[in-house]
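Since the model is a prediction, treat every value here as computed from it, not as a measurement. Residue numbers count from 1 along this sequence.
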Amino acid sequence: MKRFSLTCSSVPQLLRPGAVRWRLTAGRLDELELRDAPGLLQGTYERGLTNRTTGYGGAILGDGYRSALLGGAWNTPIGAISADLTQARNHAPGLAGTQGVSARMGYSRNFIDSGTDFSVAAYRYSTSGFVSLADSAALRDSIARGYPPDGVRRQRSRMDLSVNQRLGEGLGLLFVTGSTRDFWNSRGHETEFSAGYNNSWRGISYSLSVQRTRDDVLSLRENDGFGLPFNPLPATTPAASRRDTHLSFTVSMPLGRSSGAPTATGMFN
């Protein structure tokens, strides 16, 4: 048996030279509580250009929604980097159409000697007119229900962080993840943090994790960014300041020794 280490990092977009990966999806947006889920057509294309460079792009066509994405990923001596731009146009019934741009950067680095995987999964910044597909669907649904459009938060920026630490042979894995984001039509931040431990023993896998969410966002009065004023509200209206803590334990074990044996899974929250 030979064992070796690769002195490189990876982000999901990286491909080998000449390798191609594409997807084409048609259907309806699967989001909970949507009264009328919009139809959509989505396509992506990725191609490995060199040992260190991959180019990718994509587009989404939906009810009142259009977006196009173009970007690239590079493997460098200091880690793997990806960057892309998305332009989107949105038109909801009864509101003026909007358009905007969203920029995203990602970074990943493996520290082989210490067994640490570090990844700033993404930092994204969106202009005030940018609307994501999920927000577009939520806005149309809000209007269909007779609610004011300012109830849909439009994300301005977001940062995600993830660190995995391998503890050694048979000792399992520790992980920490976190994210924070703010909004154009709200004041404050929404922050989420989680940490946990994964391991296995004699074919039985188990995981323990804790998640903490803090939402201190205040709704602003100014205007809704869609050509309509807000309803007459105070200058700032606090969304109920929310702090949730979620603890979970999961265990999974095979019901047999063959590769195709079924698996039993239990979870406690």
Side-chain angles (χ1 to χ4, degrees), residues 1-16 19 21-34 37 42 44 46 48 54 56 73 75 79-80 82 106-122 133-134 158-181 190-215 242-269:
M1 181 181 69
K2 294 182 178 180
R3 176 177 294 183
F4 57 90
S5 299
L6 298 177
T7 56
C8 65
S9 301
S10 180
V11 293
Q13 295 89 348
L14 283 171
L15 296 175
R16 294 182 178 182
R21 181 167 56 202
W22 62 272
R23 301 181 185 90
L24 186 63
T25 305
R28 291 193 174 274
L29 184 64
D30 185 14
E31 291 284 350
L32 293 176
E33 300 181 356
L34 286 181
Q42 180 178 22
T44 62
E46 303 164 76
T54 296
Y56 58 91
N75 202 12
S82 65
Y107 175 76
S108 179
R109 177 75 185 269
N110 298 333
F111 298 91
I112 297 174
D113 293 338
S114 64
T116 305
D117 296 332
F118 172 81
S119 172
V120 176
L133 176 62
R158 176 183 178 117
M159 175 172 282
D160 299 300
L161 172 68
S162 174
V163 179
N164 296 324
Q165 177 63 54
R166 293 182 294 276
L167 301 179
E169 189 70 27
L171 298 180
L173 173 76
L174 286 174
F175 64 88
V176 176
T177 64
S179 69
T180 182
R181 58 177 182 161
E190 184 180 274
T191 304
E192 183 177 291
F193 171 85
S194 63
Y197 174 75
N198 296 331
N199 202 357
S200 62
W201 177 78
R202 295 187 177 181
I204 301 174
S205 301
Y206 55 93
S207 174
L208 177 67
S209 66
V210 60
Q211 181 180 44
R212 175 76 165 174
T213 301
R214 177 173 176 172
D215 188 345
R242 180 170 61 88
R243 289 166 176 79
D244 291 336
T245 302
H246 178 213
L247 180 68
S248 67
F249 176 74
T250 303
V251 61
S252 177
M253 61 181 295
L255 302 178
R257 297 186 177 182
S258 66
S259 58
T263 300
T265 301
M267 176 180 290
F268 173 78
N269 292 317

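- Side-chain contact of T191 with R214: a donor-acceptor pair under 3.5 Å is absent, judged by distance alone.
- Using a 4.0 Å cut-off between charged nitrogen and carboxylate oxygen, R23 and E46 count as a salt-bridge pair.
- Here D30 does not pair with R28 in a salt bridge; the nearest charged N to carboxylate O distance is not below 4.0 Å.
- Side-chain contact between N75 and L14: present, with at least one pair of heavy atoms (C-beta onward) separated by less than 4.5 Å.
- N198 and S207 make their closest contact through OD1-OG, 2.6 Å (heavy atoms, listed as atom of the first residue, atom of the second, distance).
- Residues passing the side chain to side chain contact (heavy atoms under 4.5 Å, CB included) test with L167, sequence neighbours excluded: Q165, L171, L174, Y197.
- Side-chain atoms of N199 and Y206, non-hydrogen and from C-beta on, do get closer than 4.5 Å to each other.
- For the pair S209 and S194, the minimum side-chain heavy-atom distance is 4.5 Å or more.
- Side chains of M267 and N269 form a contact here, defined as non-hydrogen atoms less than 4.5 Å apart.
- Looking at heavy atoms from C-beta onward, R158 lies in side-chain contact with S179 at the 4.5 angstrom threshold.
- Within the 4.5 Å cutoff, the side chain of T265 has heavy atoms near those of the T250 side chain.
- Annotation: the span from T245 atom OG1 to R212 atom CZ amounts to 4.0 Å, rounded to 0.5 Å.
- Judged by the 6.0 Å distance and 45° axis criteria, R109 is positioned over the aromatic ring of F111.
- Side-chain contact between V163 and D117: absent, with no pair of heavy atoms (C-beta onward) separated by less than 4.5 Å.
- Within a 6.0 Å radius of CZ in R243, more than 12 heavy atoms belonging to other residues, nucleotides or ligands are found.
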